[in-house]
Amino acid sequence: MFNRARTCITLAAVSLLASATAQALPALWVDEFDPADITISSQYSFSHSILDGANGFRLGIDTITSATLSILLADDALFGDLPILGDGQETVSFNFDGTGWSSSQPVGQLDVFSFGLDSLLTDGMLDVTIRATQGDFKLAKSNLVVIGERNRAAVPEPTSMALFGLGLFGLAAVAGRKARIRMHD
Ligand SMILES: [Ca+2]
Ligand SMILES: [Ca+2]
């Protein structure tokens, strides 16, 4: 009886230790789209994913706290918007995961457009469409940075683990009492 009780106490202690180490770890996922040479004169679409690789974002397990997207556009004319030498002013608007177009913004010689995208990243994917609302320009680079937490997969809740340990302890006590009663018979 005493041996079994000691085993159960050890089990409960191990359970508490396991729940103490079940913490979320800070994580950073980065996805870069760096096309060689793309000129946008109407519209262009591409996708970002943070699901790739061994340390990729795991759906339903990891969590996202914030996300930022930076898109680098460049005028395709060497002298920008200068009269005669350049090719005039360009404007652009963006669409993310089909959630509507941003208002048109001017494109200069080398522009970085930054966006916060927390609510658009629930599936670890981000579809980007860039539309030239006026003129044409180059897509130089797109960079997605996501900050979140990597969680341990399938970790039982600490309370349920502790209750499980207590349950085992109770079972052992009952079994011990039964054994004792039998000894007295
Ligand atoms: Ca221009
Ligand atoms: Ca141009």
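Residues: numbered from 1 along the sequence shown. Start at 1 and go down the list; that is how both ligands and their atoms are numbered. Just so it is clear, the structure is predicted and the values come from calculations on it, not from any experiment.
For the side chain to side chain contact (heavy atoms under 4.5 Å, CB included) criterion with Leu121, the lone passing option out of Leu144, Leu69, Asp97 is Leu144.
Around the Ca ion (ligand 1), protein N, O or S atoms at less than 3.0 Å comprise Asp75 OD2, Asp81 OD1, Asp87 OD1, Gly88 O, Glu90 OE1, Glu90 OE2.
Closest approach of Thr63 to Phe57, counting heavy atoms only: N-CE1, 4.1 Å. Scanning both residues, Ile130 and Phe46, for their nearest heavy atoms gives CD1-CE2, 3.8 Å.
The list of side chain to side chain donor-acceptor pair (under 3.5 Å) pairs with a residue in residues 116-137, not counting sequence neighbours, reads Gln43-Arg131, Ser45-Thr129, Ser47-Asp127, Thr91-Thr133, Ser104-Thr133.
Nearest N, O or S atom of Asp136 to the Ca ion (ligand 2): atom O.
In this structure, the separation between CG on Leu73 and NZ on Lys141 is 13.0 Å, given to the nearest 0.5 Å.
A salt bridge is defined here as a Lys NZ or Arg NE, NH1 or NH2 lying under 4.0 Å from an Asp or Glu carboxylate O, and Asp75 with Lys138 fails to meet this definition.
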